[in-house]
Amino acid sequence: MRKKGKKWFGLLIAIVFLCAFCVPVAAASKLPRLQVKGTQLVNSSGKKVQLRGISTHGLSWYPEYVNQSAFTFMKKNWKVNAVRLAMYTAEYNGYCTGDASNRRKLEACIDNGVKYATNAGMYVIIDWHILSDGNPQQNQKEALKFFKKMAKKYKNNTNVIYEICNEPNGGTSWSTIKKYAEKIIKGIRTYDKKAVILVGTPNWSQDVDQAALSPVSKKYRKNVMYTLHFYAATHKEWLRDKAQAALDKGLPLFVSEFSICDASGNGGLDKAEAKKWLTFLDKNNISYMAWSLSNKAESSAFIKSGCSNTGKWYSKNLTAAGKWITNWYKKK
């Protein structure tokens, strides 16, 4: 009996040992839940937090980059601490223009993205990526249903952030965006009372100074930030002046998309202006997400178009923009 008892005891120890390595990172430790204090993003202890991350390209175009290897690699090698899942609403196989099967595929991609980011120890932004549907009210019913579903699903995830309208455009006014935002925020708060919510601003998320004059109503304001987008070769000091004006008014900003080329996502790089931008953002502790994790044949893509790797990239696999931005991130 003694020998048999020792045998079973040894087996039990072995099982416990193995299971310790099977526990997902997400289960082992949660990232601190973020909140907004004044213009700052802070953790639960009130310590300032700055997210520096990368946005995927559209999930319908490049779903292969949403994988554990890629996310873990970016966290470990590029010092990235957040990833943005860009789900287009109207373009190619958009959430609001595709069929039910397509919507299920996109939701599955988001679910995987949240899991991979969590396991890698990163924050993750679920981005309702409006573009050609420049007025967010165009698909407001779908947006409300979608974000209620996401909020119900991820209410216990401390690392999920909701971006409710990527780049309002086409002359859509701030008052229109604000009405939309308040309805979506109310829907999210039905289930998720604490998550950070990002609200787009007029003119492709540039006119943050307009939002600063009349932020969302006070009852919806908790843990809400406003997005500022820039492409360094196009958007220069004049847009930083708008950002500064918004900060001076007490508006919390979050750069959920930027690159160092021109506003088309292509063209030449302006590294000098990019350095001014990121220095400004670091000085003001503003988070920023670079566009884009893809091998699309354009300047803003991180991966060279001839590279088929979907993770574990070498320097030779990166574009000029990818190298410059990842080198900046690694300095932190």
Side-chain angles (χ1 to χ4, degrees), residues 20-56 66 68 70-86 110-127 147 150-164 185 188-199 216 220-228 247 250-258 278 281-290 293 328-332:
F21 286 92
C22 296
V23 176
V25 176
S29 61
K30 281 189 174 183
L31 285 168
R33 187 178 290 280
L34 302 179
Q35 55 189 317
V36 181
K37 186 176 182 181
T39 62
Q40 297 295 308
L41 191 63
V42 302
N43 62 21
S44 53
S45 301
K47 184 179 179 180
K48 291 180 182 179
V49 172
Q50 185 187 34
L51 300 184
R52 288 172 151 204
I54 297 175
S55 175
T56 68
V66 180
Q68 192 64 69
F71 287 12
T72 301
F73 179 89
M74 292 191 297
K75 173 68 186 300
K76 182 179 179 181
N77 295 278
W78 297 345
K79 309 304 179 187
V80 165
N81 60 6
V83 65
R84 178 187 188 229
L85 304 174
I110 287 172
D111 192 43
N112 285 332
V114 171
K115 289 176 183 175
Y116 301 148
T118 304
N119 288 336
M122 295 196 292
Y123 291 91
V124 56
I125 299 170
I126 299 175
D127 166 36
F147 279 110
M150 295 297 106
K152 188 175 182 179
K153 192 171 193 176
Y154 300 119
K155 62 184 178 182
N156 294 320
N157 285 63
T158 58
N159 62 325
V160 171
I161 296 170
Y162 306 103
E163 183 173 359
I164 63 174
I185 293 168
I188 291 172
R189 295 300 184 221
T190 302
Y191 301 102
D192 193 332
K193 308 294 184 185
K194 298 178 180 179
V196 172
I197 298 173
L198 308 180
V199 178
V216 296
Y220 300 118
R221 207 171 290 176
K222 184 179 179 181
N223 291 340
V224 167
M225 306 186 88
Y226 301 80
T227 62
L228 171 68
L247 289 172
L251 196 77
L253 300 181
F254 192 112
V255 175
S256 58
E257 184 178 316
F258 83 92
L278 298 188
L281 298 179
D282 287 344
K283 178 183 176 183
N284 289 284
N285 198 57
I286 297 172
S287 299
Y288 45 88
M289 310 291 295
L293 183 63
W328 182 278
Y329 283 6
K330 287 185 285 188
K331 291 177 185 176
K332 187 76 170 181

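In this chain, numbering begins with 1 at the start of the sequence shown. Bear in mind the structure is a predicted one, so any value in this text is a computation, not a measurement.
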Worksheet entry | Interatomic distance, Ile286 atom CD1 to Leu51 atom CG [nearest 0.5 angstrom] | 12.5 Å

Fill in: Where Met289 and Arg84 come nearest, the two heavy atoms and their spacing
CE-N, 3.5 Å

Fill in: Straight-line distance of Asp111 CG to Ile126 CD1, nearest 0.5 Å
9.0 Å

Worksheet item: Is any side-chain heavy atom of Pro32 closer than 4.5 Å to a side-chain heavy atom of Tyr123?
Response: yes

Discussion item. Going by side-chain hydrogen bond (donor to acceptor under 3.5 Å, both in side chains), name the residues that satisfy it together with Asp192, two or more places apart in sequence or in a different chain.
Written reply: Tyr162

Worksheet item: Is the number of heavy atoms from other residues, nucleotides or ligands within 6.0 Å of NZ (Lys79) greater than 12?
Response: no

Worksheet item: How far apart are the closest heavy atoms of Met74 and Ile54, and which atoms are they?
Response: SD-CD1, 3.7 Å

Discussion item. Taking side-chain contact (heavy atoms from CB on, under 4.5 Å) as the definition, give me every residue that meets it alongside Asn285, ordered by chain and number, with sequence neighbours left out.
Written reply: Gln40, Lys48, Gln50

Worksheet, complete the sentence: Interatomic distance, OG@Ser287 vs CG@Leu228, rounded to 0.5 Å, equals 12.0 Å

Worksheet item: Is Lys75 reaching over with its side chain to a backbone N or O of Gly121, donor-acceptor style, under 3.5 angstrom?
Response: yes

Practice prompt. Please name the pair of heavy atoms, one in Val80 and one in Tyr329, separated by the smallest distance, quoted to 0.1 Å.
Written response: CG2-CD2, 3.6 Å

Worksheet, complete the sentence: CG of Leu41 to CE of Met225, rounded to nearest 0.5 Å, is 5.0 Å

Worksheet entry | For Val216 against Val224, the heavy-atom pair lying closest together | CG2-CG1, 4.4 Å

Practice prompt. For the residue pair Tyr191 and Lys153, establish whether any side-chain heavy-atom pair is separated by less than 4.5 Å.
Written response: no

Item to complete: Might you point out which heavy atoms bring Val83 and Ala117 nearest each other, and give the distance in Å?
Response: CG1-CB, 3.8 Å

Worksheet item: How close do Asn156 and Lys30 get, heavy atom to heavy atom, and via which atoms?
Response: O-NZ, 3.1 Å

Discussion item. Do Trp328 and Asp282 have side chains that approach each other closer than 4.5 Å (heavy atoms only, starting at C-beta)?
Written reply: yes

Discussion item. Quick check: do Phe258 and Leu278 have side-chain heavy atoms less than 4.5 Å from each other?
Written reply: yes

Fill in: Min side-chain heavy-atom separation Ile188-Ile164 under 4.5 Å
yes

Worksheet item: Looking at Arg221, Lys222, Arg189, which hits side-chain contact (heavy atoms from CB on, under 4.5 Å) with Ile197?
Response: Arg189

Practice prompt. State the OG1-CZ distance between Thr56 and Phe71, to the nearest 0.5 angstrom.
Written response: 7.0 Å

Worksheet item: What pairs with Gln35 under side-chain hydrogen bond (donor to acceptor under 3.5 Å, both in side chains), at least two apart in sequence or on another chain?
Response: none

Worksheet entry | Qualifying residue, where the test is side-chain contact (heavy atoms from CB on, under 4.5 Å) with Leu34 and the options are Val196, Asn159, Thr158 | Val196

Fill in: Thr72: side-chain contact (heavy atoms from CB on, under 4.5 Å) partners, not counting sequence neighbours
Gln68, Ala120

Fill in: Residues that Tyr154 engages under ring pair (Phe, Tyr, Trp, His ring centres under 6.0 Å), provided they are two or more places apart
none

Discussion item. I'd like to check Glu257 versus Ile125 (side-chain heavy atoms, cut-off strictly below 4.5 Å). Are they in contact?
Written reply: no

Fill in: Any residue meeting ring pair (Phe, Tyr, Trp, His ring centres under 6.0 Å) with Phe73, in chain and number order, not counting sequence neighbours
Trp78, Trp313

Worksheet item: If you round to the nearest 0.5 Å, how far is NZ of Lys37 from CG of Asn223?
Response: 12.5 Å

Fill in: Side chains of Val199 and Ile185 in contact at under 4.5 Å (non-hydrogen atoms)
yes

Worksheet item: Would you call Tyr288 and Arg52 a side-chain contact if the rule is heavy atoms closer than 4.5 Å?
Response: yes

